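Report on one structure; see the data block that follows.
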Amino acid sequence: QTVLIAGMGNTGVELFKSLIWANCNSLDKTLKIIVADKNASFKRNELKRDYPEIFNGEYDLLFMDVDTRTDGFTKLLADCDSHVNYVVVATENDEENLKTANFLQCWFLRKYGDASLCPKLSILAKERHSSENDALIYGNPSKGEYCVMPFGSLDEIYSYELIVNSEIEK
C-alpha cells in the first residue's frame with residue numbers, strides 16, 4: 001500500500017503515526033508513505049527525535065520538501081514509482097486543502113482516465129460544517145465518479161447525536 005500525505009499539519013503528523021502503528025502488527029510490511037510538505041524534512045526530524053522506532057528501516061518512508069502549490073509537487077506525483085492507493089490532504093488550512101484536493105482530483109483523472117483506477121482521496125475539512133462538506137464531495141461514487149471525501153468536521157465529531165446517543169453511552 002502506498003499513501004501520499006499532502007501536508008503535514010497536526011492532523012497529517014497524527015495520521016502518519018497512526019499509519020505506522022496500525023501497520024506494526026500487519027503481516028504485510030509493504031507500507032510506503034510519501035510525505036509532501038514544504039517543511040517535510042523538519043517534520044521528519046521532529047518525528048525521528050520523538051519516535052525513533054518509526055525510522056528503524058522497516059518502512060519505506062519518503063519525505064519531500066515540496067509545497068503542494070508548486071510544480072515541484074506535480075513532479076513528485078509524476079515521479080512516484082508505484083501506484084498511490086490513498087491520498088490524504090491535511091495542511092491544516094481548509095482552503096489550501098480544498099485547492100490541493102481539486103488539483104489532485106484532476107491530476108489523477110488525467111493520469112488514469114478512469115475513476116476506479118484513481119487512489120482514494122480524502123481532505124481534512126475541520127472548519128466546515130457537515131452541510132458544507134456535502135459540497136466538497138465531488139462526483140458520485142455509486143456512479144463510478146471520482147470524488148473527494150472530507151473528514152474532520154468538528155460538528156461531525158462532537159455532535160450531540162454522536163456523544164450522548166452513542167453505543168457506548170447506551
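This chain uses plain numbering: 1 for the first residue, then up along the sequence. Model, not experiment: these values are computed from the prediction.
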At their closest point, which heavy atom of [X] faces which heavy atom of [Y], and how far apart are they?
| X | Y | answer |
| --- | --- | --- |
| V66 | G72 | CG2-C, 3.1 Å |
| A6 | T91 | O-CG2, 3.8 Å |
| P119 | V84 | CB-O, 3.0 Å |
| F73 | D67 | CB-O, 3.5 Å |
| T68 | A36 | CG2-O, 4.2 Å |

Got [X] and [Y] here, is their nearest side-chain heavy-atom distance under 4.5 Å?
| X | Y | value |
| --- | --- | --- |
| T2 | D60 | no |
| Y59 | I33 | no |
| C80 | I34 | yes |
| K43 | V35 | no |
| L4 | Y86 | no |

Tell me which one of L31, N23, V87 satisfies side-chain contact (heavy atoms from CB on, under 4.5 Å) with V3.
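Among L31, N23, V87, the one that satisfies the side-chain contact (heavy atoms from CB on, under 4.5 Å) with V3 is L31.
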
I'd like to know whether I20 forms a side chain to side chain contact (heavy atoms under 4.5 Å, CB included) with L61, so could you lay out the CA-CA distance, the side-chain angles of the two residues, the decisive distance to 0.1 Å, and finally the verdict.
CA-CA 10 Å; I20 295 290; L61 307 174; 3.9 Å; yes

Roughly how far apart are [X] [atom1] and [Y] [atom2], rounded to 0.5 Å?
| X | Y | atom1 | atom2 | value |
| --- | --- | --- | --- | --- |
| N93 | E95 | CG | CD | 7.0 Å |
| N39 | E46 | CG | CD | 9.5 Å |
| S122 | L15 | OG | CG | 9.0 Å |
| L47 | M8 | CG | CE | 5.0 Å |
| I5 | L19 | CD1 | CG | 5.5 Å |
| T70 | K75 | OG1 | NZ | 11.5 Å |

Checking L77 against F108 for the side chain to side chain contact (heavy atoms under 4.5 Å, CB included) test, could you report, in this order, the C-alpha distance in whole Å, the side-chain angles of both residues, the deciding distance, and whether it holds?
CA-CA 9 Å; L77 292 171; F108 283 118; 4.2 Å; yes

Quick check, are the ring centers of Y51 and W21 under 6.0 angstrom apart?
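When the ring centroids of Y51 and W21 are compared, they turn out to be within the sub-6.0 Å range.
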
Just say parallel, tilted or perpendicular for the rings of F63 and F55, cut-offs at 30° and 60°.
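Geometry flag for F55 against F63: tilted rings.
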
